[in-house]
There are 2 protein chains.
Amino acid sequence: MKQTAPASDDGLKLSAWLPYRLFLVAAQVARPLERFYGETFGLSQAGWRILAVIAERDAANASEIRRACALDPFAVSRGIGQLTELGFAVRRSGKSDRRFAAVSITRSGRAAFNRIAALGSAIETRLLARLSESERVTLDSALTRLEGESARIDAGGWRALRDDAGTP
Amino acid sequence: MKQTAPASDDGLKLSAWLPYRLFLVAAQVARPLERFYGETFGLSQAGWRILAVIAERDAANASEIRRACALDPFAVSRGIGQLTELGFAVRRSGKSDRRFAAVSITRSGRAAFNRIAALGSAIETRLLARLSESERVTLDSALTRLEGESARIDAGGWRALRDDAGTP
DNA sequence: GCGATATGCTTGCACTTTGCAATTATATGT
DNA sequence: ACATATAATTGCAAAGTGCAAGCATATCGC
């Protein structure tokens with residue numbers, strides 16, 4: 001007598017499921033970097049992403065950061081708070097509309113960014129070294145489309161997905 | 001006089017940085033699914049992953065799950081606890097070595113899994129629809145190598161990475 | 001045998017992160 | 001000037017995480 005499983009899989013195998021595979025690579029690769037900036041600077045993941053964004057713009061308000069980092073407004077606010085506490089960013093209330101505060105990176109923020117980015121680049125280099133030139137090109141263009149589609153999937157929520165499938 | 005930035009980037013642009021791009025797709029796509037199984041079954045991310053793993057084996061011990069899910073032993077233990085509380089899995093202490101408890105999925109666990117997997121497959125289908133057949137093949141083989149390399153990067157820790165780069 | 005040590009897993013507890021309601025500050029429409 | 005809208009922040013409860021210590025079982029050395 002067995003009551004554990006009728007064994008009628010839907011056929012989703014975790015290790016072969018594209019979203020999981022992407023997640024796995026991203027997570028494994030992010031872990032050492034997170035450890036580094038966590039231990040060295042006391043920076044959180046959100047903090048690092050925001051730092052990276054303000055390093056490549058000359059000033060950004062919270063909404064721009066939110067869009068660029070895929071973070072919610074709360075996380076952005078807290079991340080900016082963390083960065084200013086660490087002395088890595090400064091807030092100056094905007095000139096025209098003072099609801100938007102401009103955030104910019106400081107000298108020491110940039111120094112920290114550069115050290116983190118060096119590790120980040122090393123990671124990317126090691127990953128890319130495993131791919132041929134044509135694979136890199138293909139991956140780049142494929143990822144661009146996947147980014148677009150994933151944004152739509154996210155925006156639609158799960159109800160939209162259920163309607164895609166055979167309405168379980 | 002400006003004190004905000006010497007503007008000497010290391011050239012890491014977040015939105016073009018491979019790990020971030022992978023993360024972004026994975027995160028955006030995972031969010032609706034997480035919402036679904038969270039709201040519907042009260043399942044956590046770890047719970048879902050473990051459920052997926054025991055759905056494709058007939059029984060698994062905690063170590064096998066840990067390897068298959070890239071979770072630490074604590075998370076596995078708690079995830080199994082959650083699944084048994086929900087009635088989605090049962091633990092039976094192993095026959096030969098009773099330190100290893102065999103975990104198997106139950107009938108209702110499989111029912112839940114099938115509903116979640118249906119959404120998961122819908123997501124994957126929508127993503128793959130954006131790619132040509134040859135892109136899918138390339139992505140598959142590229143991802144396999146990236147998985148291997150990312151596991152090595154993770155295992156090596158950040159000190160090994162620093163030595164890769166120009167020792168910052 | 002049987003104590004010492006190793007292994008697999010679990011629990012408790014402090015700490016961190018997250019989600020959300022409520023709040024503040026500013027701007028805009030009437 | 002007052003109501004409403006928008007951007008950002010804060011406070012707090014809930015959930016998640018990391019780690020030390022603990023429990024159960026197995027294996028080794030004698």
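Proteins get letters first, then strands, A, B, ... in listed order; numbering begins at 1 in each.
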> Could you give the CD-to-C1' distance, from B:E64 to C:dG8, as a whole number of Å?
Replying inline: 13 Å
> Do A:R126 and B:S150 have a side chain donor and acceptor closer than 3.5 Å?
Replying inline: no
>> For a quick test of reading the model: is some side-chain N or O of A:S63 closer than 4.0 Å to OP1 or OP2 of D:dA8?
In response: yes
>> If the condition is side chain to side chain contact (heavy atoms under 4.5 Å, CB included), which residues does B:S132 pass it with, not counting sequence neighbours?
In response: B:S134, B:E135
>> Measure CG/B:D97 against P/D:dC28 and give the value in whole Å, please.
In response: 12 Å
> Hey, which of these two, A:R35 or A:N61, hits DNA chain D nearer its 5' end, going by closest nucleotide?
Replying inline: A:N61
>> Side chains of B:R21 and A:T144 only: does a donor on one sit below 3.5 Å from an acceptor on the other?
In response: yes
> Whole Å only: how far is the CZ atom of B:F100 from the C1' atom of C:dT10?
Replying inline: 15 Å
> Pick the nucleotide of DNA chain C nearest each of A:D72 and B:I80; which residue has the one closer to the 5' end?
Replying inline: B:I80
>> Between B:F88 and B:F41, is the ring-ring contact (aromatic ring centres under 6.0 Å, His included) condition met? List the steps.
In response: CA-CA 10 Å; B:F88 289 171; B:F41 304 111; 5.8 Å; yes
> Can you tell me how far C1' of C:dG12 sits from CZ of B:F74, to the nearest Å?
Replying inline: 12 Å
> Between D:dG16 atom C1' and A:Q45 atom CD, what is the distance in whole Å?
Replying inline: 14 Å
>> Using the side-chain heavy atoms of A:R99, tell me which of these nucleotides is nearest: C:dT26, C:dG19, D:dA20.
In response: C:dT26
> Nearest of C:dC9, C:dT26, D:dA26 to any side-chain atom of A:R98?
Replying inline: C:dT26
> What is the distance from CD of A:E34 to P of C:dT16, rounded to the nearest Å?
Replying inline: 15 Å
>> Rounded to whole Å, please give me the gap between CZ in A:R78 and P in D:dA7.
In response: 19 Å
> For B:R92 and C:dC9, what is the distance between atoms CZ and C1' respectively, to the nearest whole Å?
Replying inline: 18 Å
